[in-house]
Amino acid sequence: MAKRMTVKEKERVARILALLDKEYGTDYRCYLEHDSAWQLLIATMLSAQCTDARVNIVTKDLFVKYPSIEAFAKADREELEQDIRSTGFYRNKAKNIIACCQKLLLEFHGEVPSDLESLTSLAGVGRKTANVIRGNIFNEPSIVVDTHVKRISRKLGLTKEKDPEKIEYDLMHVLPKDHWILWNIHIITLGRTICTARSPQCETCFLKDECPAAK
DNA sequence: CTCCCGATAT
DNA sequence: ATATCAGGAG
C-alpha cells in the first residue's frame, strides 16, 4: 500500500468499516475465553495454528487444573503437554508456557506487562500474541495480524505485503486508530463465516461491492 | 527458510 | 488426501 491514500481509497475504507460495523456491531468481544490477563496470554499462546473453539475447550479444564501463573511455572512439562495436546504444537507450547510463567514471576512480579518489548521477551510470545494482550487487556490501540487479517486485508487491497509486521504498519496507515482493535474481531468473524480461506462466499458477502477479489 | 502438530472441513 | 486453523522460534 502506498504511504499516501487517495481520497477515493479513504472513502472505500470508510465504507468497508461502516459495513463491518453495521453487520457485526461495535461491541468488542474476545473469542478466547478468559477472566484475567495471564489466562488470555496462555490462551493466545495455545491458539497458534489452532481454532479458537478448540482452545476454549482446552482452557476450560486447564485453568481449573492450573489456577495461577505459579501453577503453570511449576507444572510438570510432560503432564502439561498431554493437557494441551489437542491444540497441536504441544511440546513447544508446553515448554514456552512454563518458561513464560517462570519469567513473569521472576522478572515481572507475576504481572503481565503492557509494553511490546516486555511481552515479546516472553517465551512463545510474538508480535501477534503481544498485540492481543495490549488491545484486549490494556486498551492500547494495536493491530493484530493473524491468518485471517493477513488473508482478508490483502484481498481487500489494503496491503500487498506478506510479512505480518509490514502488514501491521500498512494497516496502521489505512485504518483509523479507533478501529484498530475492532478490525481483528470483525475480520476474524468474517473469515470464519463468509470469507473463508478454502471457499469464500463472495456472492453473498456484504463487502462484495468494495472488494477487488469478489470480481 | 524450516520445523513444530492435532483436529476439522472440504 | 489435503488445506487450514486468533504463530513463534531457530
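Throughout, a chain's letter reflects where its sequence line sits, starting with A, and its residues are numbered from 1.
Heavy atoms of A:V125 sit under 4.0 angstrom from primed sugar atoms or phosphate atoms, though from no base atom. Among the protein residues, A:Y31 comes within range of the nucleic acid bases, having at least one heavy atom under 4.0 Å from a base atom. Within the 4.0 angstrom heavy-atom criterion, base atoms lie near A:R198. Contact annotation for A:G126: backbone-only contact, meaning every heavy-atom pair under 4.0 Å involves sugar-phosphate atoms and none involves a base. Residue-level contact check: A:T196 touches neither bases nor backbone, having no heavy atom under 4.0 Å from any strand. Residue A:I57 is classed as having no contact, given no heavy-atom separation below 4.0 Å to the nucleic acid.
Of the listed nucleotides (C:dA6, B:dC4, B:dG6), B:dG6 has the atom at the smallest distance from the side chain of A:S86.
Whole-Å rounding puts the A:I84 CD1 to B:dA7 C1' distance at 15 Å. Rounded to an integer number of Å, the gap from A:R91 CZ to B:dC5 C1' is 8 Å. If you measure from atom CD of A:Q201 to atom C1' of B:dA9, you get 13 Å, rounded to the nearest angstrom. The interatomic distance linking A:H34 (NE2) with C:dA6 (P) rounds to 17 Å, in whole Å. Rounded to whole Å, the distance from CZ on A:R192 to P on B:dA9 is 13 Å. Note: CZ (A:R127) to P (C:dG7) measures 16 Å, nearest angstrom.
The side-chain heavy atoms of A:T51 and A:R54, taken from C-beta on, include a pair separated by under 4.5 Å. Two residues are said to be in side-chain contact when any heavy atoms from C-beta on lie closer than 4.5 Å; A:L32 and A:N136 fail this criterion. For the pair A:L119 and A:D115, the minimum side-chain heavy-atom distance is 4.5 Å or more. Contact annotation: the side chain of A:F89 never approaches that of A:I84 to less than 4.5 Å [non-hydrogen atoms, C-beta and beyond]. For the pair A:R77/A:E81, a side-chain contact is recorded, criterion being any heavy-atom separation below 4.5 Å from C-beta on.
As rounded to the nearest Å, B:dC3 and C:dA6 have P atoms that lie 24 Å from one another. Between the C1' atoms of B:dC5 and C:dT2, the separation comes to 15 Å (whole Å). Look at the P atom in both C:dA3 and B:dT2: the space between them is 15 Å, to the nearest Å. C:dG10 sits 22 Å from B:dG6 when the C1' atoms are compared, rounded to a whole Å. With both ends at atom C1', the span from B:dA7 to C:dA9 equals 23 Å, rounded to whole Å.
At a cut-off of 3.5 angstrom, the base of B:dA7 holds no donor-acceptor pair with the side chain of A:R54.
The aromatic ring of A:F89 sits over the base of C:dG7, with ring centres less than 5.5 Å apart and planes tilted by under 30°.
Remark: A:T147 is in phosphate contact with C:dC5, judged by side-chain N or O atoms under 4.0 Å from OP1 or OP2. Side-chain N/O atoms of A:R151 include one lying less than 4.0 angstrom from OP1 or OP2 on C:dC5.
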- Task: Take A:Y31 and A:V55 through the side chain to side chain contact (heavy atoms under 4.5 Å, CB included) test and state the conclusion after the steps.
- Result: CA-CA 10 Å; A:Y31 284 118; A:V55 172; over 6 Å; no
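Ranked by how close their nearest DNA chain C nucleotide is to the 5' end, A:H148 and A:N96 are led by A:H148. Toward the 5' end of DNA chain C, the nearer of the two residues A:T44 and A:G124, judged by each one's closest nucleotide, is A:T44.
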